[in-house]
2 protein chains.
Amino acid sequence: MESKNAIEALAALAQEGRLAAFRLLVKHAPDGLPAGEIAERLEMPPSTLSTNLSILARAGLVSATREGRSIRYRADMSGMAALLAYLMEDCCGASPALCDPVISKVTCC
Amino acid sequence: MESKNAIEALAALAQEGRLAAFRLLVKHAPDGLPAGEIAERLEMPPSTLSTNLSILARAGLVSATREGRSIRYRADMSGMAALLAYLMEDCCGASPALCDPVISKVTCC
DNA sequence: CTTTTATTTCTATATTTCTCGAAATATGGA
DNA sequence: TCCATATTTCGAGAAATATAGAAATAAAAG
């Protein structure tokens, strides 16, 4: 991951509505939820939610697949893990042995 | 951790200069670096760096201690772990057993 | 007590981001 | 085809954030 991608992901999460949406999808991993249900649970206008989900998607933190009329969103745990890996890179100038296992387990479920 | 704190931390990291500073301090954990050296390495004007470090500090991601004329900054790995825990909370609606060990190891060094 | 070095606070401008109604697009069913 | 449902795209004003020079503060040394 490069700085630009990491900043995009962090900025995507650094906003109340998007953070709530992402966390909701993390709780519902790996199945995800349709956009309409997310909007309903978070009491967010559909257009606002849509904008926010597309920002999370561009950042690699969620993925979307159409299911009939609705679109199902899922948390992308590998995107999350890549972000964490970037933040922890060369942690303590130490050997990778210490931190790598932590990061690889973020995709635990 | 609450939403407000998490957003503060994420927003703090979602900016090129601050992300670079934080990652530099992660690499130099647990000893940290004096502000001047950070500014020099990142080629950032001291006033800009100072503003940025104070934003990271308020977000609980770095700590500062005076050492004579200079001020030493350190990455706060427990703040990092708290942020990760918040992002992964109730991951997959699953038992904590799966994800908790991952998070507690972020303070690996 | 004056000077030098290290860092912060203040301030103003420039830039970016957020929100959500209205209109547009996509899908499935009558 | 025509309609209802689900979601996205557009647009523009309001709000938040970034930057860095200049002035202020803190500490050490002469």
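FYI, side chains are in, hydrogens and waters are out, and symmetry mates aren't considered; it's all heavy atoms of this structure. Chain letters run A, B, ... following the sequence lines, proteins first and then strands; every chain starts at 1. Note that the coordinates shown come from a computational prediction; the quantities given were computed from them, not determined experimentally.
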Can you tell which of [options] lies closest to the side chain of [X]?
X       : options               : result
A/Thr51 : D/dT9, D/dA20, C/dT27 : D/dT9
A/Ser70 : D/dT7, D/dT19, C/dT7  : D/dT7
B/Arg69 : C/dT7, C/dT4, C/dT27  : C/dT4
A/Ser47 : D/dT7, C/dC20, C/dT7  : C/dC20

- Could B/Arg41 and B/Glu37 be called an ion pair, given the rule that one side-chain N must be under 4.0 Å from one carboxylate O? yes
Just to confirm, is there a sub-4.0 Å distance from OP1 or OP2 of [N] to any side-chain nitrogen or oxygen of [X]?
X       : N      : result
B/Thr48 : D/dA20 : yes
A/Ser50 : D/dT8  : yes
A/Arg18 : C/dC18 : yes
B/Tyr73 : C/dA6  : no
A/Gln15 : C/dT19 : yes

- Item | A/Gly17 vs A/Arg66, nearer the 5' end of DNA chain C by closest nucleotide | A/Gly17
- Flag yes if more than 12 heavy atoms outside A/Glu2 fall under 6.0 Å of its CD atom; otherwise flag no. no
- Does A/Glu43 CD have over 12 foreign heavy atoms under 6.0 Å away? no
Nearest-Å distance, [atom1] ([X]) to [atom2] ([N])?
X       : N      : atom1 : atom2 : result
B/Glu16 : C/dT15 : CD    : P     : 16 Å
A/Asn52 : D/dT7  : CG    : P     : 15 Å
A/Leu42 : C/dC20 : CG    : P     : 13 Å
A/Met44 : D/dT8  : CE    : P     : 13 Å
A/Leu49 : C/dG21 : CG    : P     : 14 Å
B/Glu67 : D/dA28 : CD    : P     : 11 Å
A/Lys4  : C/dT16 : NZ    : P     : 12 Å
A/Ile55 : D/dT9  : CD1   : P     : 11 Å

- Query: Checking all strands, does A/Pro45 fall into the base, sugar-phosphate, or nothing category for heavy-atom contacts under 4.0 angstrom?
  - Reply: sugar-phosphate
- Query: Roughly how far apart are B/Asn52 CG and B/Ser47 OG, rounded to 0.5 Å?
  - Reply: 9.5 Å
- Message: Within the 4.5 Å heavy-atom criterion, are A/Met77 and A/Val26 side-chain neighbours or not?
- Response: yes
